[in-house]
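Reading through the structure tokens given below for one structure.
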Amino acid sequence: METALRLLARVIPAYLRAFDLVLADALYAKAPFFNFLLACGKTR
């Protein structure tokens with residue numbers, strides 16, 4: 001999960017409007033992952 005968070009931390013600022021949806025499997029269904037996406041504004 002840490003690798004995915006590092007990747008998203010680099011991709012989201014560079015391509016902020018490129019995507020609105022982040023699809024992940026059950027492995028990422030944990031609070032730190034969701035909190036990161038909330039902090040980045042990737043929620044509706």
Side-chain angles (χ1 to χ4, degrees):
M1 183 167 63
E2 292 299 320
T3 304
L5 291 176
R6 285 195 311 265
L7 177 63
L8 285 172
R10 290 177 30 205
V11 170
I12 288 174
Y15 304 103
L16 186 60
R17 306 189 100 202
F19 58 93
D20 292 324
L21 175 72
V22 176
L23 181 64
D25 62 10
L27 177 66
Y28 298 98
K30 298 180 182 172
F33 188 74
F34 289 119
N35 290 335
F36 176 80
L37 294 176
L38 285 170
C40 292
K42 288 295 179 186
T43 61
R44 289 194 169 217

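Since the structure is predicted, the reported quantities are computational estimates derived from the model, not experimental observations.
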To the nearest 0.5 Å, tell me how far Leu5 CG sits from Tyr28 OH. 8.5 Å

Output the distance between atom CG (Leu27) and atom CZ (Phe33), rounded to the nearest 0.5 Å. 9.5 Å

Tell me the closest heavy-atom pair linking Ala29 and Phe34, and the distance in Å. CA-CE1, 3.6 Å

Just verifying a value: how many Å separate Phe36 CZ and Ile12 CD1, rounded to the nearest 0.5 Å? 4.5 Å

Do Met1 and Leu38 share a hydrophobic cluster, counting only Ile, Leu, Val, Met, Phe, Trp and Tyr and linking them when any side-chain heavy atoms are less than 4.5 Å apart? no

